[in-house]
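This report concerns only the one structure given below.
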2 protein chains.
Amino acid sequence: MVAQSIAYSGSTAEARVRQAGLRPTRQRVALAELLFADGDRHISAEELHEEAQRADVRVSLATVYNTLHQFTEAGMLRILPVEGSKTYFDTNTSDHHHFFVEGENRLVDIDEGPVAVSNLPCPPDGMEISHVDIMVRLRPKKR
Amino acid sequence: MVAQSIAYSGSTAEARVRQAGLRPTRQRVALAELLFADGDRHISAEELHEEAQRADVRVSLATVYNTLHQFTEAGMLRILPVEGSKTYFDTNTSDHHHFFVEGENRLVDIDEGPVAVSNLPCPPDGMEISHVDIMVRLRPKKR
DNA sequence: ATAAGTGCAAACTATTTGCAGGAAA
DNA sequence: TTTCCTGCAAATAGTTTGCACTTAT
């Protein structure tokens, strides 16, 4: 009998955290579960913290910040290139782009078909392209 | 003889400010001169403020912030979609895109040839495309 | 046992705001 | 002479940090 004594052992979230080279602490695993439970998300530290509290996950805001950055460095998250004071993280790190609704500062994934970019210039020497972010800014249609 | 009694009268900068529907105050005209004197620039409020001081333009930081936002609403500037705490403004509001140097958080214009985007999805109803921002993120080439 | 992670509160940075005085129309 | 603008200082928002305590290995 090898019953797991720790509640979060063996979860997908734990594996994810472990693979990132991070110790699977209660807080990290719980945050990973929240972040990656359902599909693509755009979320800020404050929002994730609130969500954690609602889910009865006790974790400090400072730890949420630390964890988000650690996850980002580990390639589990990506920082969204948006204006404004808050930093938003994207749980989808694969190639995809976004609509940005001006005024509301709201982000929506562009999922229909592959958006292609042509005539991309060569990067300066010694540099290579990490990835390409396309933000399609939208405003209310004037009529 | 119609000598201009006010130093900044008749300048391009004054005309620009006036056309934006803003009163051509000493501060606004001076900041417009600094901003649009030479080509495309990526600049933050703090940086513009310092530059103003160096040029012996007396203007408060609060006014620099206000002015940058007023210029942005008037379409004279554009906010750059970059991560990080500071807001950067682009003095070039025409269609062009950027390299973003990771680590250094540095922006470089992409000026070579027209970068084209194909397969752009239709915007949701009631919305139209304001413009498209492309950020080509660069990292040091591993070797 | 040891190294790494966490929580708290304080510090910090960028930005905004309220209001009294000053300048443009 | 009225309305808008500016400067200052205080307020705010988001994020980071120092350090004593806890947890994973």
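These numbers come from the heavy atoms of this one structure, side chains and all, not from hydrogens, waters or symmetry mates. The chains referred to below are lettered A, B, ... by the order of the sequence lines, with proteins before strands, and numbering in each begins at 1. Because the structure is a prediction, the values reported are computed rather than measured.
Counting only heavy atoms from C-beta on, B:Thr63 has its side chain closest to D:dG7 among C:dA24, D:dT25, D:dG7. Of all nucleotides listed (D:dA9, C:dA25, D:dT25), D:dT25 comes nearest to the side chain of A:Pro24. The listed nucleotides are D:dA24, D:dA9, D:dT25; the one nearest the side chain of A:Thr25 is D:dA24. For B:Ser60, the listed nucleotide lying nearest its side chain is D:dG7; candidates were D:dG7, C:dA14, D:dG14. Across C:dA25, D:dT25, D:dG7, the shortest atom-to-atom separation from the side chain of A:Arg23 is found for D:dT25. Of all nucleotides listed (D:dA9, C:dT6, C:dC8), C:dT6 comes nearest to the side chain of A:Arg28. Nearest to the side-chain atoms of B:Tyr65 among the listed nucleotides D:dT16, C:dA14, C:dT17 stands C:dA14. In this structure, the nucleotide among C:dT6, C:dA25, D:dG14 sitting nearest to the side chain of A:Gln27 is C:dT6.
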So B:Met127 and A:Val101, side-chain contact (heavy atoms from CB on, under 4.5 Å) or not? Walk me through it.
CA-CA 9 Å; B:Met127 295 273 125; A:Val101 183; 4.3 Å; yes

Chi angles and distances behind the side-chain contact (heavy atoms from CB on, under 4.5 Å) call for A:Phe71, A:Leu22
CA-CA 9 Å; A:Phe71 284 6; A:Leu22 295 167; 3.9 Å; yes

B:Glu14 vs B:Arg23, salt bridge (Lys or Arg N to Asp or Glu O under 4.0 Å): CA-CA, chis, key distance, verdict
CA-CA 9 Å; B:Glu14 192 208 345; B:Arg23 284 190 186 175; over 6 Å; no

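Atom CD of A:Gln53 sits in a crowded spot, with more than 12 heavy atoms from other residues, nucleotides or ligands closer than 6.0 Å. B:Glu73 CD: 12 or fewer foreign heavy atoms inside a 6.0 Å radius.
Judged by closest nucleotide on DNA chain C, A:Gly21 is the one of A:Gly21 and B:Leu22 placed further toward the 5' end.
Each end of the helix from C:dA1-D:dT25 to C:dA25-D:dT1 gets its own axis from five base pairs, and the two axes differ in direction by 30°, given to 10 degrees.
Contact annotation for A:His49: no contact, since no heavy-atom pair falls under 4.0 Å across all strands. Counting any heavy atom pair closer than 4.0 Å across all strands shown, A:Ser44 reaches no nucleic acid atom.
Using a 4.0 Å cut-off, some side-chain N or O of B:His69 falls inside it from OP1 or OP2 of C:dT16.
Side-chain contact check for A:Arg106 versus A:Val108: some heavy-atom pair is nearer than 4.5 Å.
The six-membered or imidazole ring of B:His69 lies near that of B:Phe89, with a centre-to-centre distance under 6.0 Å.
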